[in-house]
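See structure below.
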Amino acid sequence: MIIEHRIYTLPHGGMDAYLARYRELALPLQMKHLGRLQGFFVSDIGTLNQVLHIWAYDSMADREARRAALEADPDWQDFKRGNRGTFAAQQVSIWRAAPFSPQLV
């Protein structure tokens, strides 16, 4: 099992519009293709104007196949075009579970 940890930093004042657009347009597509959303968070203390997505996959091969299916979806391409310029920064990392970690859903 691996998790993908994605942090996006938005310009000041852009959070509400992004969350509304993401919830309406992106989340349904990601749930269709990626499935296992473990959490979606908004920063409250520390570095502000950030969102964090955590996605679970069985393996890197599973992630690659699911992300390829998402990228092939024309509706996802439309969302990405409309989302250009939304982020000031993006961080993506992949984490593997320690042997004693609880299993994710």
Side-chain angles (χ1 to χ4, degrees):
M1 158 116 12
I2 63 170
I3 64 164
E4 183 172 20
H5 182 271
R6 302 176 80 84
I7 298 175
Y8 298 93
T9 304
L10 292 100
H12 178 73
M15 184 67 72
D16 290 342
Y18 170 72
L19 291 176
R21 189 171 62 255
Y22 178 84
R23 184 177 183 182
E24 179 185 344
L25 303 173
L27 183 57
L29 295 169
Q30 289 181 315
M31 292 305 293
K32 174 182 173 185
H33 295 290
L34 304 181
R36 300 162 56 196
L37 177 63
Q38 300 300 299
F40 191 103
F41 304 92
V42 178
S43 59
D44 192 39
I45 296 174
T47 305
L48 300 178
N49 303 307
Q50 290 187 323
V51 295
L52 164 66
H53 308 208
I54 301 173
W55 298 90
Y57 302 96
D58 293 332
S59 63
M60 284 299 289
D62 178 43
R63 177 189 177 271
E64 290 170 8
R66 290 176 180 274
R67 299 240 11 129
L70 178 65
E71 290 297 326
D73 190 317
D75 291 334
W76 180 249
Q77 294 303 317
D78 288 344
F79 171 76
K80 285 178 36 174
R81 275 189 290 280
N83 205 45
R84 285 185 184 142
T86 298
F87 304 123
Q90 176 182 358
Q91 296 173 273
V92 178
S93 57
I94 301 293
W95 298 68
R96 64 177 171 80
F100 51 82
S101 179
Q103 290 296 311
L104 302 174
V105 293

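Position 1 is the first residue of the sequence, and the numbers go up from there.
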Taking only residues two or more places apart in sequence, or in another chain, which ones meet [X] in a side-chain contact (heavy atoms from CB on, under 4.5 Å)?
{"X": "T47", "result": "Q50"}
{"X": "M31", "result": "L27, L37, W55"}
{"X": "R81", "result": "Q77, D78, R84"}
{"X": "R67", "result": "E4, R6, L34, Y57, R63, L70, E71"}

Less than 3.5 Å apart, which donor and acceptor atoms pair up between the side chains of residues 87-102 and the rest of the protein, not counting sequence neighbours?
| from | atom 1 | to | atom 2 | distance (Å) |
| --- | --- | --- | --- | --- |
| S93 | OG | W95 | NE1 | 2.8 |

Inset, instruction - Could I get the full list of side-chain hydrogen bond (donor to acceptor under 3.5 Å, both in side chains) partners for D58, not counting sequence neighbours? - result: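 Partners of D58 by the side-chain hydrogen bond (donor to acceptor under 3.5 Å, both in side chains) criterion, ordered by chain and then number, come out as R36.
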Inset, instruction - Kindly compute the distance separating CG (L52) from CD (Q38), expressed to the nearest 0.5 Å. - result: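 Answer for the CG-CD pair, L52 versus Q38, is 11.5 Å.
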Inset, instruction - If the plane angle is over 60° it's perpendicular, under 30° parallel, otherwise tilted; pick one for Y8 and Y18. - result: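 Rings of Y8 and Y18: tilted, 30 to 60°.
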Legend entry - Counterpart residues, ring pair (Phe, Tyr, Trp, His ring centres under 6.0 Å), relative to F41 (two or more places apart):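 F41 satisfies ring pair (Phe, Tyr, Trp, His ring centres under 6.0 Å) with no other residue.
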Legend entry - Counterpart residues, ring pair (Phe, Tyr, Trp, His ring centres under 6.0 Å), relative to F79 (two or more places apart):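 In terms of ring pair (Phe, Tyr, Trp, His ring centres under 6.0 Å), with neighbours along the sequence ignored, F79 is linked to W76.
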Legend entry - Verdict with supporting geometry, H12 and L48, side chain to side chain contact (heavy atoms under 4.5 Å, CB included): CA-CA 9 Å; H12 178 73; L48 300 178; over 6 Å; no
Legend entry - Closest approach of S43 to N49 (non-hydrogen atoms, all atoms of both residues):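 Scanning both residues, the minimum pair turns out to be OG-N, 3.2 Å.
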Inset, instruction - Specify the closest pair of heavy atoms between P11 and T86, including all atoms of both residues, with the distance to one decimal. - result: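 Shortest heavy-atom separation between P11 and T86 comes out as CD-O, 3.1 Å.
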Legend entry - Single-linkage hydrophobic cluster V42~Y22, side-chain heavy atoms < 4.5 angstrom: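 Yes: a chain of side-chain contacts under 4.5 Å links V42 to Y22.
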Inset, instruction - Could you list all the salt bridge (charged side-chain N to carboxylate O under 4.0 Å, His left out) pairs where at least one residue sits in residues 7-25, not counting sequence neighbours? - result: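 Listed by first then second residue: nothing to list.
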